[in-house]
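Have a look at the structure below before the remarks.
Both backbone and side-chain heavy atoms feed into the values below; hydrogens, waters and symmetry mates do not. Order of the sequence lines sets the chain letters (A, B, ...), proteins ahead of strands, with each chain counted from 1.
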There are 2 protein chains.
Amino acid sequence: MTASINDVARAAGVSASTVSRALRGRAGVSDEVRDRIASVAAQLGYTASRSASSLASGRTFTIGVVVPYVGRWFFGTVLDAAEQVFSAAGYDVLLYNLGTPETRKRFFAKLPVRKRVDAVLSLLIPDEGESAALRSLGVPLASTVGGARPGFTVVGIDDRAGAESAVRHLVNLGHRRIGTISGSSGPLHWTTPIERRRAYLDVLAEAGIEHDPALEADGDYTLEGGERAMTELLAASRPPTAVFAQSDEMAMGALRALRRHRLKVPDDVSVVGFDDHELADVIGLTTVAQPVAGQGAEAARLLLRQLDEPDAEHPGHVQMPIHLVLRETTAPPRPRGPQ
Amino acid sequence: MTASINDVARAAGVSASTVSRALRGRAGVSDEVRDRIASVAAQLGYTASRSASSLASGRTFTIGVVVPYVGRWFFGTVLDAAEQVFSAAGYDVLLYNLGTPETRKRFFAKLPVRKRVDAVLSLLIPDEGESAALRSLGVPLASTVGGARPGFTVVGIDDRAGAESAVRHLVNLGHRRIGTISGSSGPLHWTTPIERRRAYLDVLAEAGIEHDPALEADGDYTLEGGERAMTELLAASRPPTAVFAQSDEMAMGALRALRRHRLKVPDDVSVVGFDDHELADVIGLTTVAQPVAGQGAEAARLLLRQLDEPDAEHPGHVQMPIHLVLRETTAPPRPRGPQ
DNA sequence: AATATGAACGCAAACGCTTGCGCAACAGCG
DNA sequence: CGCTGTTGCGCAAGCGTTTGCGTTCATATT
């Protein structure tokens, strides 16, 4: 069918080993022979079979990337950036999309990446068992979400500081009834929602505002969840004048709910998000910006470095910068009548 | 390191061939032995090496998916849906993100998928040479974009009809100066922008409206491009009262531009998009809805069917339904003074 | 009872590479 | 001129599966 290494060897009048060495830039081949082999290979349209070469060498030149939802902006963007780094370095990307609990379970049970990848980049936070499963692969691991984890290189942001700046912004504007839409649900062992919520509580306490449980709702990190959560908050006996949504997509859901309730943003309710979604600017959403693509690229680079220098010292946790972006969904609370 | 088929064979007291047959459900193994092998394999945590098995069998159980930009909503969503179908069927997905001309060129020059995949799903429109390269792989091909192409199973929508319904909607509202933001740029041999533009021209003609070239601008299928294009249109001597943006992301860019110009939507300008982006609903964008995830899933299914029954008859082109979704960015034109 | 039939399993040859080792040939050295 | 190194290349043994074919043994057939 397609040309094999022996076809090339025969056509070039050398042995298969020389072809192998020549094409991969290994030493021990004269320039003349190397050129000849290269041209013959090109002419025959020869590409080494990845299966055969990885079987023989143990290297797969493939990176496994596991993602909760490729379709969501955050993950898509991280993946995009990471893929570019990997493919530029000659690695292929094997994608595992683990949206549902079943697919996730099946993935970690069968571990289809075993013997198939040189490293794994996880865009989801594995629980203890899942972490152990990944570690059992014996390859470098990285993650772009959550906090530091043994065996993983994780590049992330300071969730606490980011959330603090968001809530503090609302406090500084004069808000006292500040709600939050969190994303804590699901079986994810995710430090992110914990950190962000903690920051919310801390800033409130620091400002001397009493915490009202009726002002917290779960938005499941989705648009629809954000909408539901906002609706819940509005149903409180004393609804909030400002809301910190712990992701932009939930913030957008909140905006939708507010629109349905004929409430004006920011006049009636202020909203601040988290992520700086690509569309946050379009809708004028005030939010905490994090370098999403940057984290994907950085994680990919760190992984590659580990593959290149397995014995060197490698950072276990790097933090990327964040900053608050002021747009048009936050303003001082509407002056009230007799308070 | 990790267990091989011989370890399992030894532990189960059978030959490697029997293990192979047993684990893959092939005939010729008694139930008793099959069970024993299964339990031994589970105990040893054995997974067959994909490299070895595909080298021996010629099957890779891997699908190559090539995407222009994973980060963009449309492609991310298609990919998500397709991946689910593939992984449910036991196939892995090898992702190629071909955002830049260089990566794209390199991909088609080296064809890293050669001997690595059983089929290819392309979310970009290959030109003639690229199509030929893909066909040379000798595996089933599918695509979710553009029109019918020889050698490909393509699942798409009726772009012409969709665009017509969008423009006709604007006409019916009473608009006469209708602009369009197209996405024709780039070296993509893409029928989509051609079809959508054609529809735009046809409907104008059908309504007896003279075509004004100043009301066409290129938005490059991006948010920023849409914004630029809208700004251009507004600079026309007689700016449009309505705009048909040929994708939702460009429509969102247009909305941003309009906001910057302090123009009200839909009071001053109506906007209709195309795609029904997940956030279209949030911002109330009137648009032509197409089943994005549906197309990805359908294409994946068709590809799998071709792998299962290579000799059967397979459809070359399937069309999915579309419909106009009315929201809040379109309205009759503001009554003018002496016209 | 002899033979054909089929099921269950093992043998061994691929599959297409990589790589340690060996062997020339040649250069540099004293 | 012999000796040690170096360079360029081929040999052959893997890497871990799959699969065609052969063998054995129990069962069915005449």
Problem set entry | Any N/O donor-acceptor pair, B/Ser17 side-chain to C/dC11 base, under 3.5 Å | yes
Exercise. So, is the end of the B/Arg104 side chain (NZ or CZ) under 6.0 Å from the ring centre of B/Phe107 and within 45° of the ring's axis?
Worked result: no
Seminar exercise, completed: By nearest-nucleotide position on DNA chain C, the 5'-leaning member of B/Ser57 and B/Thr18 is B/Thr18
What donor-acceptor contacts under 3.5 angstrom involve side-chain atoms of residues 36-46 of chain A, with partners at least two apart or in another chain?
unit_1  : atom_1 : unit_2  : atom_2 : d
A/Arg36 : NH1    : A/Ala12 : O      : 2.4
A/Ser39 : OG     : A/Arg36 : O      : 3.1

Exercise. With no hydrogens and no angle check, is any side-chain donor or acceptor of B/Ser54 less than 3.5 Å from a backbone partner on B/Arg50?
Worked result: yes
Exercise. Between A/Ser20 and C/dT18, is there a side-chain N or O to OP1/OP2 distance below 4.0 Å?
Worked result: yes
Exercise. Looking across every strand, which nucleic acid part, if any, lies under 4.0 Å from B/Arg24 by heavy atom: base, sugar-phosphate, or nothing?
Worked result: sugar-phosphate
For this session: Go through the structure and list residues passing salt bridge (charged side-chain N to carboxylate O under 4.0 Å, His left out) with A/Arg24, not counting sequence neighbours.
Result: none
Exercise. Quick one: salt bridge (charged side-chain N to carboxylate O under 4.0 Å, His left out) partners of A/Glu278, sequence neighbours excluded?
Worked result: none
Exercise. Taking any atom under 4.0 angstrom from a heavy atom of chain B, which nucleotides of DNA chain D are the first and last to qualify, 5' to 3'?
Worked result: D/dG16 to D/dG20
Problem set entry | Cation over ring face, B/Arg149 and B/Phe152, 6.0 Å, 45° | yes
For this session: Using whole Å, report how far CZ of B/Arg59 lies from P of C/dA14.
Result: 23 Å
Seminar exercise, completed: Sorted by chain and residue number, the ring-ring contact (aromatic ring centres under 6.0 Å, His included) partners of A/Tyr69 (sequence neighbours excluded) come out as none
Exercise. Can any side-chain N or O of B/Asp118 pair as donor or acceptor with the backbone N or O of B/Arg59 at less than 3.5 Å?
Worked result: no
Problem set entry | Sorted by number, the residues of residues 30-55 of chain A with heavy-atom contact under 4.0 Å to DNA chain D | A/Ser30, A/Val33, A/Leu55
